[in-house]
Amino acid sequence: MTKALNTGLRQALLDDPKVLLMGEDIGPLGGVFRVTEGLHAEFGDKRVLDTPLAESGIIGTAIGLAMRGFRPVCEIQFDGFVFPGFDQITSQLARMRNRHEGELTMPIVIRIPYGGHIGSIEHHQESPEAYFAHTPGLRVVSPSNPHDAYWMMREAIASNDPVIFFEPKSRYWPKGEVSFAEPGAPLHASRVVRAGTDVTVIGHGAMVSVLLQAADIAAAEGISLEVIDLRSLSPIDYAPILASVEKTGRAVVAQEAAGFVSVGSEIAATIAERAYYRLEAPVLRVSGFDTPFPPAAVETHFLPSPDRILEAVDRALAY
């Protein structure tokens, strides 16, 4: 995924001279995760800008640049570092286009590496997507594989609305094929990534690979899981989700984030509202616990595992 994102950013820089990258250590270093590696050398420090350690300043500067016709792509170095820029994002960036009755666009992408599974320290492993999905005026997306990472980045940069682009850290290194000829799905489309008949399991980002692992285990036990990759958290494309639930009659929603007032809560409520008469069991949720993200030594107890997902599947099937 790092290479796919790098390739997508490079192509955007080539295609449009108004695209520029901003962030802490993204220049000669290439970013902590090397997503911007080589781009400073190719495009120079006026297109790939190393910024001070000031997230509010990064976002505020990007807003000003967007008002002058640029298309900034901002990197927040780690998920837990976004909060100093939260005021600029929610009070200014998200509201600006509505405030100007659509006449002013805000083509800004904010890249945020997020989630666990890498054994990091406090403020370096968070899952804050619900804050932004809750905020009107922001588009919020998260790819789960290299192909989607490339095309979703290209589409996010082309958007005239601000896009919060959550990159699952644990998926930076696993390899996958990228088709540069065909995107496969629009930016905000959810997608069935494994067909099944017994239970619908739904997730985004790194959770998709965990759901696929659970589906493999379940298949060996004679249980068929249909796996849906959300891809977009705001807006959410419910059509594939509802079609799947109407077929299986059961749904489990999984996420790394805490469960209370979360993206998973919203999906569960919507399924219950719009597919109530097709459900054979309550919609169940599997999430991180309602605590701060724990130290690395105990993160495996916090993050949903295939076993925790399969336990929810068993409960759904028991109804």
Side-chain angles (χ1 to χ4, degrees), residues 1-89 92-93 106-115 118 120-121 123-126 128 132 141-143 146 149-159 162-173 175 178 180:
M1 188 179 287
T2 52
K3 184 64 174 177
L5 290 166
N6 179 280
T7 304
L9 292 170
R10 181 177 181 274
Q11 192 61 51
L13 288 163
L14 287 170
D15 289 346
D16 188 346
K18 292 294 186 179
V19 172
L20 53 86
L21 313 184
M22 306 167 58
E24 299 161 6
D25 297 322
I26 71 163
L29 180 65
V32 170
F33 296 102
R34 302 300 187 265
V35 172
T36 56
E37 190 169 43
L39 299 180
H40 180 271
E42 184 172 356
F43 295 97
D45 57 12
K46 296 191 184 305
R47 303 284 307 281
V48 182
L49 290 74
D50 266 337
T51 67
L53 306 183
E55 286 73 19
S56 181
I58 294 171
I59 306 304
T61 301
I63 292 170
L65 286 164
M67 294 176 73
R68 298 293 292 177
F70 290 90
R71 307 185 81 88
V73 181
C74 306
E75 178 183 294
I76 303 299
Q77 194 170 74
F78 281 94
D79 34 33
F81 298 176
V82 73
F83 298 110
F86 190 77
D87 178 41
Q88 291 280 19
I89 295 171
Q92 303 300 329
L93 178 61
M106 280 284 115
I108 297 173
V109 176
I110 301 176
R111 296 180 41 243
I112 305 176
Y114 82 113
I118 68 166
S120 195
I121 57 175
H123 303 308
H124 294 68
Q125 292 199 138
E126 307 280 344
F132 302 99
V141 301
S142 179
Y150 172 81
W151 283 107
M152 291 170 73
M153 179 57 71
R154 296 289 308 278
E155 292 177 88
I157 294 171
S159 172
V163 179
I164 310 298
F165 199 99
F166 280 105
E167 301 168 8
K169 294 192 290 284
S170 66
R171 303 306 298 167
Y172 272 147
W173 302 284
K175 295 182 178 181
V178 177
F180 296 106

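Owing to the predicted nature of the structure, the values given are computational and were not obtained by experimental measurement.
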Chemist: In Å and rounded to the nearest 0.5 Å, what is the CZ to CE distance from Arg10 to Met153?
Modeler: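 It comes to 16.0 Å.
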Chemist: Under the side-chain hydrogen bond (donor to acceptor under 3.5 Å, both in side chains) test, which residues partner Arg154, sequence neighbours left out?
Modeler: Asp15, Tyr150
Chemist: Check whether any side-chain N or O of Arg47 sits under 3.5 Å from a backbone N or O of Val19 as a donor-acceptor pair, and report yes or no.
Modeler: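 It does hold such a pair.
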Chemist: Side chains of Ile26 and Thr51: closer than 4.5 Å at any heavy-atom pair?
Modeler: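 A side-chain contact is absent here, since even the closest heavy-atom pair is not under 4.5 Å.
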Chemist: Check whether any side-chain heavy atom of Glu55 lies under 4.5 Å from a side-chain heavy atom of Glu24, and answer yes or no.
Modeler: yes
Chemist: Mind checking side chain to side chain contact (heavy atoms under 4.5 Å, CB included) for His124 and listing every partner two or more places apart, or none if nothing turns up?
Modeler: Phe78, Phe81, Ser120, Ile121
Chemist: Are any of the side-chain heavy atoms of Met1 and Pro168 separated by less than 4.5 Å?
Modeler: yes
Chemist: I want to check something: taking the side chain as every heavy atom from C-beta on, are Glu155 and Val163 in contact at a cut-off of under 4.5 Å?
Modeler: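 When only atoms from C-beta onward are counted, Val163 and Glu155 do not touch, as no gap falls below 4.5 Å.
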Chemist: If the condition is salt bridge (charged side-chain N to carboxylate O under 4.0 Å, His left out), which residues does Glu167 pass it with, not counting sequence neighbours?
Modeler: Arg111
Chemist: Before you tell me yes or no, could you show the steps for Gln77 and Val32 under side chain to side chain contact (heavy atoms under 4.5 Å, CB included), namely the whole-Å CA-CA distance, both residues' side-chain angles and the distance that decides it to 0.1 Å?
Modeler: CA-CA 7 Å; Gln77 194 170 74; Val32 170; 3.3 Å; yes
Chemist: Name all pairs fulfilling the ring pair (Phe, Tyr, Trp, His ring centres under 6.0 Å) condition that reach into residues 35-66, sequence neighbours left out, sorted by first residue then second.
Modeler: none
Chemist: Kindly assign one of parallel, tilted or perpendicular to the pair Tyr172 and Phe33, based on the angle between their ring planes and the thresholds 30° and 60°.
Modeler: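 Rings of Tyr172 and Phe33: tilted, 30 to 60°.
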Chemist: Please answer whether the main-chain N or O of Ser159 pairs with a side-chain N or O of Arg71 as donor and acceptor at a distance below 3.5 Å.
Modeler: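 Checking the backbone N and O of Ser159 against the side chain of Arg71, a donor-acceptor pair under 3.5 Å is found.
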Chemist: Rounded to the nearest 0.5 Å, what separation is found between the CG atom of Leu21 and the CG atom of Leu9?
Modeler: 5.5 Å
Chemist: With side chains defined as the heavy atoms from C-beta onward, is the minimum distance between Ser142 and Tyr114 less than 4.5 Å?
Modeler: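 Touching, per the 4.5 Å side-chain cut-off.
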Chemist: Give a yes or no on whether the backbone of Gly27 and the side-chain of Asp45 come within a donor-acceptor separation of less than 3.5 Å.
Modeler: no
Chemist: Please determine which of Thr36, Leu13, Ile157 meets the side-chain contact (heavy atoms from CB on, under 4.5 Å) test together with Val73.
Modeler: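 Looking at Thr36, Leu13, Ile157, the match for Val73 under the side-chain contact (heavy atoms from CB on, under 4.5 Å) is Ile157.
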Chemist: Verify side chain to side chain contact (heavy atoms under 4.5 Å, CB included) between Val82 and Ile89, making sure each step is shown before the conclusion.
Modeler: CA-CA 9 Å; Val82 73; Ile89 295 171; 3.9 Å; yes
Chemist: Is there side-chain contact between Glu75 and Ile110, with heavy atoms separated by less than 4.5 Å?
Modeler: no
Chemist: Among residues at least two apart in sequence or on other chains, which ones pass side-chain hydrogen bond (donor to acceptor under 3.5 Å, both in side chains) with Gln125?
Modeler: Glu299
Chemist: Cut-off 3.5 Å, no hydrogens considered: what does the side-chain donor-acceptor table look like for residues 57-68, sequence neighbours left out?
Modeler:
from, atom 1, to, atom 2, distance (Å)
Thr61, OG1, Gly57, O, 2.7

Chemist: So Leu20 and Val48, do their side chains get closer than 4.5 Å, heavy atoms only?
Modeler: no
